[in-house]
There are 2 protein chains.
Amino acid sequence: MNDRVLDFSQGSRSNLRDVINKQLLIFLEAKNYEAAKTLLIPVASVDIAEAIADLPKTMQIIAFRLLNKQEAIEVYKYLDKATQQSLIEDFKDTEAVEIINNMSPDERVKLLDELPPQLVRKLVAQLTPQEREFNALLLGYDANTAGRIMTPEYIYVKENITVTEAQTKIRNLANEIEVAYYIYVTDDNKRLKGTLSLKDLIIANPETIISEIMTINIIYAYTNTDQEEVAKLIQRYDLIALPIVDQDENLLGVVTVDDVIDILEAEATEDIYKMGAIEAAEEDENYFKLGFYKVTKKRIPWLLILLVTNSVTVFLMSNFEEVLEEVVTLAFFTPLLIDAGGNVGAQSSTVIIRGLSTDELRDKQPFPIIIKELITGGLLGIILAIFVIVLIFLLLGKLEIGLTVGFSLIAITIIAATTGAALPFLFNKMGFDPALMSAPFITTVVDILGIFVYFSIAKLILNI
Amino acid sequence: MNDRVLDFSQGSRSNLRDVINKQLLIFLEAKNYEAAKTLLIPVASVDIAEAIADLPKTMQIIAFRLLNKQEAIEVYKYLDKATQQSLIEDFKDTEAVEIINNMSPDERVKLLDELPPQLVRKLVAQLTPQEREFNALLLGYDANTAGRIMTPEYIYVKENITVTEAQTKIRNLANEIEVAYYIYVTDDNKRLKGTLSLKDLIIANPETIISEIMTINIIYAYTNTDQEEVAKLIQRYDLIALPIVDQDENLLGVVTVDDVIDILEAEATEDIYKMGAIEAAEEDENYFKLGFYKVTKKRIPWLLILLVTNSVTVFLMSNFEEVLEEVVTLAFFTPLLIDAGGNVGAQSSTVIIRGLSTDELRDKQPFPIIIKELITGGLLGIILAIFVIVLIFLLLGKLEIGLTVGFSLIAITIIAATTGAALPFLFNKMGFDPALMSAPFITTVVDILGIFVYFSIAKLILNI
């Protein structure tokens with residue numbers, strides 16, 4: 001065992017990764033492969049993957065071949081899609097077979113999903129029968145469901161064997177199966193009956209029967225459960241892995257917590273993008289790597305929709321043309337009012353949408369919350385209105401304009417808060433994604449009602 | 001072992017939780033405690049906690065006392081703060097001692113942080129010496145650091161013992177220590193030397209020395225590492241637990257992945273709130289439980305700041321008073337232009353802020369990205385402008401107005417996309433939180449420059 005040659009303490013870690021990346025390139029350019037190999041010995045797989053991905057394309061395969069077989073398989077799974085694809089096209093057949101057969105089935109499915117069909121057929125043909133079976137199994141499920149993201153490789157034992165026999169079975173299987181935190185317990189028909197942690201196994205009496213020490217109240221999911229639901233189950237019940245069964249409760253695979261963390265982050269990013277009015281990213285798609293055509297395609301739909309809905313304000317304002325001609329000053333305050341309404345509406349919709357997304361509002365009645373937001377909008381509006389009325393009076397000396405803008409502000413903030421709270425609930429109930437649908441409708445309603453209220457109040461107060 | 005009496009399959013789970021909550025209340029109101037106890041037998045601790053929290057306050061302690069000692073400790077840790085506090089005030093001294101001493105140290109620190117000082121002193125006095133030591137240890141660290149969220153209860157062995165001796169030690173410790181996925185290996189001075197999974201232990205030869213089979217390239221963090229950094233380490237390296245050491249690399253505790261999932265979600269919520277211009281939530285604070293005073297306090301600061309920055313638009317527009325008096329129609333399009341700028345700016349800042357937050361942009365140069373956003377803003381603006389010019393011409397017959405609005409739109413989208421991308425990078429570099437600072441400044445810049453460009457183009461095209 002080599003001594004730890006690099007210090008991975010926090011605080012120096014990200015600088016350290018930069019140093020390794022640069023050093024690797026230097027060694028490879030100098031064709032000093034021994035030094036490159038030594039450099040990578042203590043480096044974690046995910047960091048090696050990042051280093052290789054940063055290399056010029058021609059050097060990636062050279063660097064990859066420096067790794068031993070076990071490491072190569074580990075590192076490969078951490079590479080980004082683009083690098084995985086370009087490497088696999090460069091591999092010799094024997095190398096490709098090795099990698100492809102030793103990937104965990106869920107990772108392999110993700111990779112094959114992205115490769116050109118001809119290459120996929122060639123690779124699948126080189127899978128061992130067992131791996132080909134796993135492949136077909138996972139592909140049989142829809143994307144973003146438990147069945148697609150699970151791994152069919154897990155350790156299970158029958159319920160009527162002893163602890164010692166179970167340990168023997170684990171010893172036999174453990175080299176093939178990458179990670180095992182729980183042992184799953186089934187009956188003779190592979191129906192899931194219980195779970196057992198490795199710790200429980202170690203501390204149990206060797207002659208105990210498994211069924212006596214297993215946990216029977218199992219949390220599990222079906223193969224067609226949505227991946228976000230799977231993630232939430234793991235989060236709620238503090239699990240390390242979740243067993244996945246078919247409709248007959250036969251155990252088919254497990255989803256592990258590390259996949260779930262990535263799923264939760266991707267789902268959060270998707271929600272954040274939607275709230276910013278950007279089309280949902282396709283899986284694993286990186287906005288910053290897209291070309292202009294794709295970026296424009298992602299952003300223009302909502303911008304056009306928002307443009308159309310906002311153009312109603314043009315017609316509305318033209319209806320109040322005489323009012324504007326009489327008191328042009330009123331026009332000066334339109335951006336301010338529109339912005340205030342937008343800000344309050346954004347605050348309200350943000351909390352509601354996020355609450356719906358994290359299940360915080362799962363059991364809550366919408367109506368009291370909407371009423372609460374309405375009142376809050378009023379309170380916020382009153383505070384803002386006082387500021388505005390005082391400022392307008394002091395700086396412009398026009399109290400009536402001030403009162404017009406002030407009262408309109410209160411009306412707008414009430415409308416904005418109420419709409420911002422109500423519409424996400426409504427869309428959620430109708431089965432639409434609140435994160436996606438809310439923004440255009442909230443801004444439209446707030447703008448239209450706001451302008452209408454503003455000029456109506458103006459006509460009243462200014463006697464037009 | 002009782003048979004599984006309830007079906008926890010997905011799809012019926014959340015309905016099932018509702019059913020259990022209602023049923024529990026019915027049994028308790030009828031004082032049918034045997035039935036209530038039986039109802040809860042197969043229910044997971046986190047779900048029991050939710051059920052108890054939903055009960056009227058007077059019944060909570062009754063329900064809690066239905067649980068056996070082990071369950072009670074489990075369920076207590078899942079209760080929300082408010083319920084934890086009210087229960088602990090109702091407990092008899094003996095009950096409180098039991099709960100408090102058996103909580104995991106990191107959970108206990110969170111609880112004690114929130115209780116009235118007098119109660120805290122009384123409870124701490126009832127801690128066993130060992131637990132009191134743990135308590136003092138964790139409290140010695142700043143909130144939101146690894147030291148505060150770690151648990152000092154983990155299994156460790158010396159590197160020079162055999163596998164059999166290690167298994168014996170684990171058997172002795174395992175009842176006290178809740179979860180063990182990794183075993184940590186230290187030297188005689190408790191310096192962290194390596195890690196070992198339970199699986200590795202089971203499959204190893206009984207006479208092997210630990211140091212021969214342990215993993216030496218350990219990922220770890222220091223006690224003063226920020227909790228978000230801890231979470232990212234666990235996420236990046238697919239760990240189940242992260243060892244925490246002091247400055248001399250002595251092992252002090254571990255942070256487990258289930259805590260990390262909750263941290264990541266809370267951090268995402270915090271970012272989302274900030275992007276919606278709401279003050280960051282205090283830890284564990286639930287927006288929906290706050291009273292009107294606190295909610296207003298949370299939302300008014302940014303609204304006032306935004307109001308002030310937006311009021312610059314009032315003065316700017318008043319400078320163009322003659323233009324507006326001449327062509328009042330120009331006023332009709334101000335909301336539309338402001339909104340379009342806001343939407344494009346929101347899109348750009350959303351992707352940049354999220355990219356900075358997930359470390360996607362950690363190593364990227366800002367300048368190329370900003371230029372790319374600038375060009376994207378132009379492309380989007382051209383598409384929108386074509387729509388607008390055509391629409392205005394068809395519906396109003398005024399080509400010159402159309403061209404004014406159209407060209408302004410292009411200018412505004414370019415300004416918005418560039419500002420939306422540049423400001424988050426700038427704030428990040430200056431050490432400010434981009435999620436928090438960006439919105440007011442982006443809207444201000446876009447509005448001010450946008451109005452200036454709009455009316456300047458109008459003067460040009462319309463010859464005013």
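Side-chain atoms are counted along with the backbone in the values below, which use heavy atoms only and exclude waters and symmetry mates. Computed from a predicted model, the values in this text were never measured in an experiment. We name chains A, B, ... by the order of the sequence lines, and we start the count at 1 in each one.
- At a 4.5 Å heavy-atom cutoff, A:Leu337 makes no contact with chain B through either its backbone or its side chain.
- Nearest heavy atom pair, residue A:Gly355 against residue B:Phe288, reads CA-CE1, 4.2 Å.
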Could you walk me through whether B:Leu264 and A:Leu264 pass the side chain to side chain contact (heavy atoms under 4.5 Å, CB included) test, one step at a time? CA-CA 9 Å; B:Leu264 286 173; A:Leu264 287 172; over 6 Å; no
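- Judged by distance alone, with hydrogens and angles left aside, the side-chain atoms of A:Arg299 form a donor-acceptor pair with the main-chain N or O of B:Val344 at under 3.5 Å.
- Counting heavy-atom pairs closer than 4.5 Å to chain A, the top-ranked of the candidates B:Thr329, B:Thr413, B:Val351 is B:Val351.
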Check the pair B:Asp339 / A:Leu306 against side chain to side chain contact (heavy atoms under 4.5 Å, CB included), numbers first and verdict last. CA-CA 8 Å; B:Asp339 279 340; A:Leu306 290 164; over 6 Å; no
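- Options B:Leu324, B:Leu307, B:Thr313, B:Leu379 differ in how many heavy-atom pairs under 4.5 Å they form with chain A, and the most are formed by B:Leu307.
- Considering every non-hydrogen atom in both B:Lys199 and A:Leu198, the closest pair reads N-CD1, 3.7 Å.
- The greatest number of non-hydrogen atom pairs below 4.5 Å with chain B, out of A:Val257, A:Asp262, A:Leu361, is found for A:Leu361.
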For A:Ile202 and B:Ile202, what are the C-alpha separation, side-chain angles and deciding distance, and is it a side chain to side chain contact (heavy atoms under 4.5 Å, CB included)? CA-CA 8 Å; A:Ile202 290 183; B:Ile202 289 181; 4.1 Å; yes
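- Here B:Leu336 is the residue among B:Leu239, B:Leu336, B:Leu409, B:Val312 with the most heavy-atom pairs under 4.5 Å with chain A.
- Contact annotation for A:Ser349: neither backbone nor side-chain heavy atoms come within less than 4.5 Å of a heavy atom of chain B.
- Chain A forms more heavy-atom pairs under 4.5 Å with one residue of B:Ala268, B:Ala204, B:Ala346 than with any other, namely B:Ala268.
- Contact annotation for A:Leu304: both backbone and side-chain heavy atoms come within less than 4.5 Å of a heavy atom of chain B.
- Ranked by heavy-atom pairs under 4.5 Å with chain B, the list A:Val295, A:Leu395, A:Thr269, A:Ile352 is led by A:Thr269.
- Counting heavy-atom pairs closer than 4.5 Å to chain B, the top-ranked of the candidates A:Val245, A:Ile261, A:Leu201 is A:Ile261.
- For the options B:Glu265, B:Lys372, B:Arg354, B:Glu360, heavy-atom pairs under 4.5 Å to chain A are most numerous at B:Arg354.
- Heavy-atom pairs under 4.5 Å with chain B were tallied for A:Thr358, A:Asn343, A:Asn172, A:Leu380; the largest tally goes to A:Leu380.
- Side-chain contact of B:Asp47 with A:Tyr237: a donor-acceptor pair under 3.5 Å is present, judged by distance alone.
- Between A:Gln347 and B:Leu303, the shortest heavy-atom distance links the atoms OE1-CD1, 3.6 Å.
- Residues B:Ile451 and A:Pro335 are in side-chain contact: their nearest non-hydrogen atoms beyond the backbone lie under 4.5 Å apart.
- When the candidates A:Leu330, A:Ile272, A:Thr296 are compared by the number of heavy-atom contacts under 4.5 Å with chain B, A:Ile272 comes out ahead.
- The minimum heavy-atom distance between A:Phe332 and B:Met317, with the atom names listed, is CE2-O, 3.6 Å.
- Residue contact with chain B, scored on non-hydrogen atoms closer than 4.5 Å, involves the side chain of A:Ile338 exclusively.
- Listed options A:Thr334, A:Asp447, A:Leu316, A:Asp259 were ranked by heavy-atom pairs under 4.5 angstrom with chain B; first place goes to A:Asp447.
- Heavy-atom pairs under 4.5 Å with chain A peak, among B:Ile375, B:Val260, B:Ile170, at B:Ile375.
- Neither the backbone nor the side chain of A:Phe320 comes within less than 4.5 Å of any heavy atom of chain B.
- For a residue to count as touching a neighbouring chain, one of its non-hydrogen atoms must lie under 4.5 Å from one of that chain's; by this rule A:Glu50 touches chain B with the side chain only.
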Test B:Val46 against A:Asp238 for side chain to side chain contact (heavy atoms under 4.5 Å, CB included), laying out the working first. CA-CA 9 Å; B:Val46 62; A:Asp238 287 340; over 6 Å; no
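- The minimum heavy-atom distance between B:Tyr273 and A:Thr350, with the atom names listed, is CA-CG2, 4.1 Å.
- For the pair B:Ile300/A:Leu384, a side-chain contact is recorded, criterion being any heavy-atom separation below 4.5 Å from C-beta on.
- If you measure heavy-atom distances from B:Ser357 to chain A, you find no contacts under 4.5 Å at all.
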